[in-house]
Each structure stands twice: as C-alpha cells, then as structure tokens.
Q: 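Would you mind keeping the following structure in view while I ask a few things?
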Amino acid sequence: MSPMSSGSWQEAVAVQEELRPLVDLVGPGPAAPATVAGLDVAYEKSGELLAAAVTVLDARTLAVVDSAVSVGRPAFGYVPGLFAFRELPALLAALDRLTTLPALLVCDGHGLAHPRRFGLACHLGVVTGLPAIGVGKTPLVGEWAPPPIERGAWSPLRDGGDVVGRVLRTRAGVKPVFVSVGHRMSLANATAQVLALTPRYRLPETTRTADRLCRDALAGAV
DNA sequence: GCGACAG
DNA sequence: ATCTTGTCGC
C-alpha cells in the first residue's frame, strides 16, 4: 500500500489496463457542444485536504452556468501515471452535485498522452460516459517539435510510435499546452474545442474558472 | 543502474 | 500541487 491509498499501485495499474479498452476512440465528439465543463483540484499546503471543482460554461458565451465543489482527502499518493486515483473520487463527487449535465469534460491533465494510454481524462470519460479531453500544462510522455509561434499552431505529440496528442499554441509566443483525447472525441475536435475555450489566456476558460472555484472552496473550508 | 515523472 | 519577491509589461 502506498501512502494515502485505497489500494496498491499494482492494483491501480490493473484497473487502468482493465478500463483502457472501454475508451471510445471512434466518436468524433460534439462539433458544437452547448455546455463545456472544466474540472480542477486544489490542495491544502500540508496536502491533507483537497477541493475539487467543476464549472459548467455556456460554450458560446463562456459564461459559467453551473458549478459544484467537493472537499475531501486525497484518495491516493501522488504517483505520475496514477494521478487519476488521487483526484477522481473528489471530482466525481463534485460532478454528482451538478444540476446540469455538461456535453463535454475538459480535464486538467492528460488523456491518451499517458504511459498506458489511460490518463485522468480517459478515466473520467469512461466512468461518466461523457466526451472528455485532457489539457496538460506540462508533458508526461512523448516527444514533439516546438509548434510555430502563432496561436492555433500545433505539432504532433508522439510516444512509442503513436500520436498521443498535440502540442498546441493557444496564445502567440506563449508556452504551448498538451492536448489529448480522453473519451468519445477526435484529436482534431479536441484541438478545436480547446481553441474555442482560449480566446484570451493560455489555459481554457473552463480550467481557469474551475481553478478559481476550488481555491476559494479550499480557503473557505480551512 | 540512472534519470524522468500529469497535479 | 504548494512554498515564495521582485520584476517586466500591458
């Protein structure tokens, strides 16, 4: 048993191997989702507490139309590659408290751009059945060439002979983000959705609003 | 064996 | 993720 876990890392890996075949890599996903959800988690400095937040935005206006939070304890120690086991329980609890059902999940972390092709975005997608994409700030696996400096430019993220995602420039001249498919979404559509969610900042409005919410919730919980 | 390693 | 001061720039 690893620290703060509900199981061993071997068991967690087994769960990933078991759920990986359930990822839908065929569905292109909604071209024009009505609503898009952002999910993020904030930790207390000691690491004892965490707050998970979900914000649902109107995909057209990017206004927040629904949101929910859940405060709890990390369900697993931080292990790169097993990240989902740490945040999933709290994220699912927050999703349950939502009044609306979002058409797309934008996760703070990777999807297929994962050692076993089953990152947080895949896990969340399979468990909820909703289309999901992963947007990471830093890479976990893969190699890539720097995309051209203009917004919208991208380069393939390759790992072990697979294209597992795209390194996307959401702002001209600013460090790119790592986009990968989670569930029921094509990589091209995932890219389009992320660009639609980044009219001004590097990170999607969904993650920005969720980030603010879980930080505030954590501050209010302590 | 030695690094790298989502948040 | 979180700990942290100043600093450059719009």
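These figures come from a predicted structure and were not determined experimentally.
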Q: Is Leu82(A) touching bases, backbone alone, or none of the nucleic acid, heavy atoms closer than 4.0 Å?
A: base
Q: Which part of the nucleic acid does Leu120(A) contact within heavy-atom distance under 4.0 Å: base, sugar-phosphate only, or nothing?
A: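 Touches a base.
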Q: Looking at Lys137(A), I'd like to know whether one of its side-chain N or O atoms comes within less than 4.0 Å of OP1 or OP2 on dA1(C).
A: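 The answer is yes; a side-chain N or O of Lys137(A) sits under 4.0 Å from OP1 or OP2.
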Q: Could you state the atom-to-atom distance from CZ of Arg171(A) to P of dC10(C) in whole Å?
A: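 My rounded result for the distance is 12 Å.
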Q: Whole Å only: how far is the CG atom of Leu49(A) from the P atom of dT2(C)?
A: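 After rounding, the reported distance stands at 13 Å.
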Q: Reckon Gly136(A) touches a base, only the sugar-phosphate, or nothing at all at heavy-atom distances under 4.0 Å?
A: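 Gly136(A): backbone/sugar contact only, no base atoms under 4.0 Å.
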Q: Between P on dA1(C) and CG on Asp211(A), what's the gap in Å once rounded to a whole number?
A: 7 Å
Q: Over 60° means perpendicular and under 30° means parallel, so classify the ring planes of Phe76(A) and Phe85(A), tilted if in between.
A: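 Correct class here is tilted.
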Q: Can you find a side chain N or O atom of Thr138(A) that sits less than 4.0 Å from OP1 or OP2 on dG7(B)?
A: yes
Q: May I have the distance from Phe76(A) (atom CZ) to dA1(C) (atom P), rounded to whole angstrom?
A: 20 Å
Q: Whole angstrom is fine here: how far is it from NE2 in His110(A) over to C1' in dA6(B)?
A: 4 Å
Q: Using the benzene-type ring in the case of Trp, are the ring centres of Phe178(A) and Trp144(A) under 6.0 Å apart?
A: yes
Q: Any side-chain N or O of Tyr78(A) less than 4.0 Å from the OP1 or OP2 oxygen of dA6(B)?
A: yes
Q: Which whole-number value in Å describes the distance from Arg86(A) CZ to dC5(B) C1'?
A: 14 Å
Q: Base, sugar-phosphate alone, or nothing: which one does Gly81(A) contact when heavy atoms must sit under 4.0 Å apart?
A: base
Q: Any base atoms under 4.0 Å from Pro139(A), or only sugar-phosphate, or nothing? Heavy atoms, all strands.
A: sugar-phosphate
Q: The side chain of Glu87(A) lies closest to which of these nucleotides: dG7(B), dT2(C), dC5(B)?
A: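 Nearest to the side-chain atoms of Glu87(A), counting from C-beta on, is dG7(B).
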Q: Over how many whole Å does the gap from Asp159(A) atom CG to dC5(B) atom P extend?
A: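 Those two atoms, CG and P, are 13 Å apart.
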Q: Any carboxylate oxygen within less than 4.0 angstrom of a Lys/Arg side-chain nitrogen, looking at Arg117(A) and Asp162(A)?
A: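 Answer for the salt bridge query: yes.
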Q: Can you list the steps and then say if Asp108(A) with Lys137(A) is a salt bridge (Lys or Arg N to Asp or Glu O under 4.0 Å)?
A: CA-CA 8 Å; Asp108(A) 194 31; Lys137(A) 297 180 286 296; 3.0 Å; yes
Q: Can you check the Leu88(A) CG to dA1(C) P distance for me, whole Å?
A: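 In whole Å, dA1(C) P lies 18 Å from Leu88(A) CG.
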Q: If you take all heavy atoms of His183(A) and Leu22(A), which pair is closest and at what distance?
A: CE1-O, 3.4 Å
Q: Base, sugar-phosphate alone, or nothing: which one does Tyr43(A) contact when heavy atoms must sit under 4.0 Å apart?
A: sugar-phosphate
